[in-house]
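Below: one structure, written as C-alpha cells.
As the structure is a computational prediction, the values presented were derived from the model and not from experiment. Proteins come first, then strands; the chains are lettered A, B, ... in the order of their sequence lines, and each starts at number 1.
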Protein chains: 2
Amino acid sequence: MDPTPTRQRIIDAADDLFYRQGFEHTSFADIAASVGLSRGNFYYHFKTKDDILDAVIVKRLADTRALLDQWEFAGRNPADRIRAFIHILIANQAKIMAHGCPVGTLCAELSKLDHGAQDQANRLFTLFRTWLARQFALLGRDDGDDLALHLLALSQGVATLANAFRDKAFVDREVRRMEAWLDASLADATPAPI
Amino acid sequence: MDPTPTRQRIIDAADDLFYRQGFEHTSFADIAASVGLSRGNFYYHFKTKDDILDAVIVKRLADTRALLDQWEFAGRNPADRIRAFIHILIANQAKIMAHGCPVGTLCAELSKLDHGAQDQANRLFTLFRTWLARQFALLGRDDGDDLALHLLALSQGVATLANAFRDKAFVDREVRRMEAWLDASLADATPAPI
DNA sequence: TCCCTTCTAGGTCACCCGTCCTACTCCCCT
DNA sequence: AGGGGAGTAGGACGGGTGACCTAGAAGGGA
C-alpha cells in the first residue's frame, strides 16, 4: 500500500513546486502531474489553491520547528547552534543558488500578490528570529533580537545574491565572515560595531 | 501636446506595476488602465509582454546609471558615496517596506519563472557591485569587490526583512550598523572581521 | 485637396486557469 | 453478498490571459 497518504504527497509536491517555480506560476496541472493524479480530483483534497498554500506553510512551519529543535538538541552550546543556522547556507547551497531562500522568496511573492497568507508565511521568519534571539540571549547578550535580525538579514541577502550571481565562492566567503562576526560578538562584552 | 510619448508612459506604468505587483501578476489590462489606453492597442507599441519587460529593465539600467553618476558627482570622497548608497534604504524606506527592493524582487521572480531576461536583470546588481567595488578600491582596499558584495547582500537582506516585518526601527538600526562598519573598514588597514 | 504615416479603439481568437460536478472503482464492514 | 464511504478520473464551466486584426481618426506634407 501507499506509505504516505495522497494528501501529504500533494503537499510535498506543492511545497517543492512553489519553491522552484513560485506560488502563482505553479498550476493545479503542475502539481497533478508531479503527484500523478488527475487534475479535477484535487477538489476532493483541497477546495482552493489557497488551501494548498496554507497546508504548505503549515508543513514548512512544522519542518522548521523540527529543524530548530534538532539544532537545539545537537548543539553543545548556543554558539554552536548559531553556527548550525549559518551553515544552512552551505548545506542548501545548490538549492539556494538555483531558487533562493524558500522563506524569503515566498514572503516576497506573497507581498507582491497582496495575499492573505502573508502573516502566516512571515511566521517562518519569526521562528528563526526568536530562536536565534534566544541563543544570543543565552550567550549573555541583551541585544539578542537585534543580533538575530541582523544575522537573518545577512543570510537573506546572501541567498538573494547567490541566486542572482550563482557564485559558490561568494557564499563560502560570507559564511566565514558570519562565523568571524559571531566569534567577535562573543569575545566582546560590548556590542561589536557590526 | 503630450509631454511624454505614449511608449514612455507605458514603460513608466509597467515599471511601477512590475515593482508593486510583480511581473507575472501584472496584465496588459493593468498597464492599459494605468496609462489610460485601450488594451488591444499595445500591440502597436510592444509585440509581446517580454518586450515590455526588456524595455523596463533597460529603463531601470539607465536610471541606475544616472543615480550612480549623481552620487559620483555629489560625493566629495568614496566614503561619502558609499554612504549615499547605504542611505537609499532610508530614502526609499516606505516603498521598500511595502514592496521590497525593486532589483532583488525582480531578479528573484525572473529566476522562479526561469525567464530569459534573468541575465539582463542581474546586470542591475552588477551595476551597483562594480560601482561599490570601485569606491572601496579608491579607499585603498584590495578586496573592494568582496566588500561591495557584502554591502549589497546586507542591504538586500534588510530590504527583504523590512518588507516582511514592516519595521522602520530595524531599518534605521541596520543603516547605522552599516555606517559603523564602513567607518571601521576605513580605519583598519587590515580587513575588519565583517 | 488628397495621400500617407502615425496612432488608437474595439473586438476576436485560442488557450489556460481555478473551480466544480458526476460517474465510476475499490475496499472495508456488516 | 451487499451496502457505503473513500478515493479517483474525466470533463465542463466561466473568466481572464496574451496575442492579434482591422477599421478609422488625426495630422502634416506634397
Quiz prompt | Under-4.0 Å salt bridge between A:Asp114 and B:Arg20 | solution = no

Quiz item: Quick one: B:Phe42 CZ to D:dC21 C1', roughly how many Å, whole number?
Solution: 17 Å

Taking distance alone, no hydrogens or angles, what donor-acceptor pairs closer than 3.5 Å link side-chain atoms of residues 151-166 of chain A to residues at least two apart or in another chain?
| from | atom 1 | to | atom 2 | distance (Å) |
| --- | --- | --- | --- | --- |
| A:Ser155 | OG | A:Leu151 | O | 3.1 |
| A:Ser155 | OG | A:Leu152 | O | 2.8 |
| A:Thr160 | OG1 | A:Gln156 | O | 3.1 |
| A:Asn163 | OD1 | B:Ser111 | OG | 3.3 |
| A:Asn163 | ND2 | A:Met97 | O | 3.1 |
| A:Asn163 | ND2 | A:Ala98 | O | 3.2 |
| A:Asn163 | ND2 | B:Ser111 | OG | 3.2 |
| A:Arg166 | NE | A:Met97 | O | 3.4 |
| A:Arg166 | NE | A:Asn163 | O | 3.0 |
| A:Arg166 | NH2 | B:Gln118 | OE1 | 3.3 |

Quiz item: How far does CD of A:Gln21 sit from CG of A:Asp16, to the nearest 0.5 angstrom?
Solution: 8.5 Å

Practice problem: Encode nucleotides 4-15 of chain D as B, S and - characters from 5' to 3', where the letter depends on protein heavy atoms closer than 4.0 Å: B to the base, S only to sugar-phosphate, - to neither. | Solution: --SBBBBB----

Self-check item: Residue B:Lys95 excluded, over 12 heavy atoms near NZ under 6.0 Å
Solution: no

Self-check item: side-chain hydrogen bond (donor to acceptor under 3.5 Å, both in side chains) partner of B:Asp145, the single match among B:Arg129, B:His150, B:Arg134
Solution: B:Arg129

Exercise. May I ask you to decide whether A:Arg60 forms a salt bridge with A:Asp63, counting only side-chain N to carboxylate O separations under 4.0 Å?
Key: no

Quiz item: Salt bridge between B:Lys112 and B:Glu109, side-chain N to carboxylate O under 4.0 Å?
Solution: no

Quiz prompt | B:Asp80/B:Arg76 salt bridge by N-O under 4.0 Å criterion | solution = yes

Exercise answer: donor-acceptor pairs, residues 28-45 of chain B side-chain atoms, under 3.5 Å, sequence neighbours excluded:
| from | atom 1 | to | atom 2 | distance (Å) |
| --- | --- | --- | --- | --- |
| B:Asp30 | OD2 | B:Ser27 | N | 3.1 |
| B:Asp30 | OD2 | B:Ser27 | OG | 3.3 |

Practice problem: Scan residues 18-27 of chain B against DNA chain C and write down, sorted by residue number, each residue with any heavy atom closer than 4.0 Å; if none is found, say none. | Solution: none

Practice problem: Show the numbers, then the answer: is there a side-chain contact (heavy atoms from CB on, under 4.5 Å) between B:Ile82 and B:Leu132? | Solution: CA-CA 7 Å; B:Ile82 295 171; B:Leu132 283 169; 4.3 Å; yes

Exercise. Give me the first and last nucleotide of DNA chain C, going 5' to 3', that has any atom under 4.0 Å from a heavy atom of chain B.
Key: C:dT6 to C:dG11

Quiz item: Between B:Glu179 and B:His87, is any side-chain donor less than 3.5 angstrom from a side-chain acceptor?
Solution: yes

Quiz item: How far does the helix from C:dT1-D:dA30 to C:dT30-D:dA1 bend, going by the axes of its first and last five pairs, to the nearest 10°?
Solution: 20°

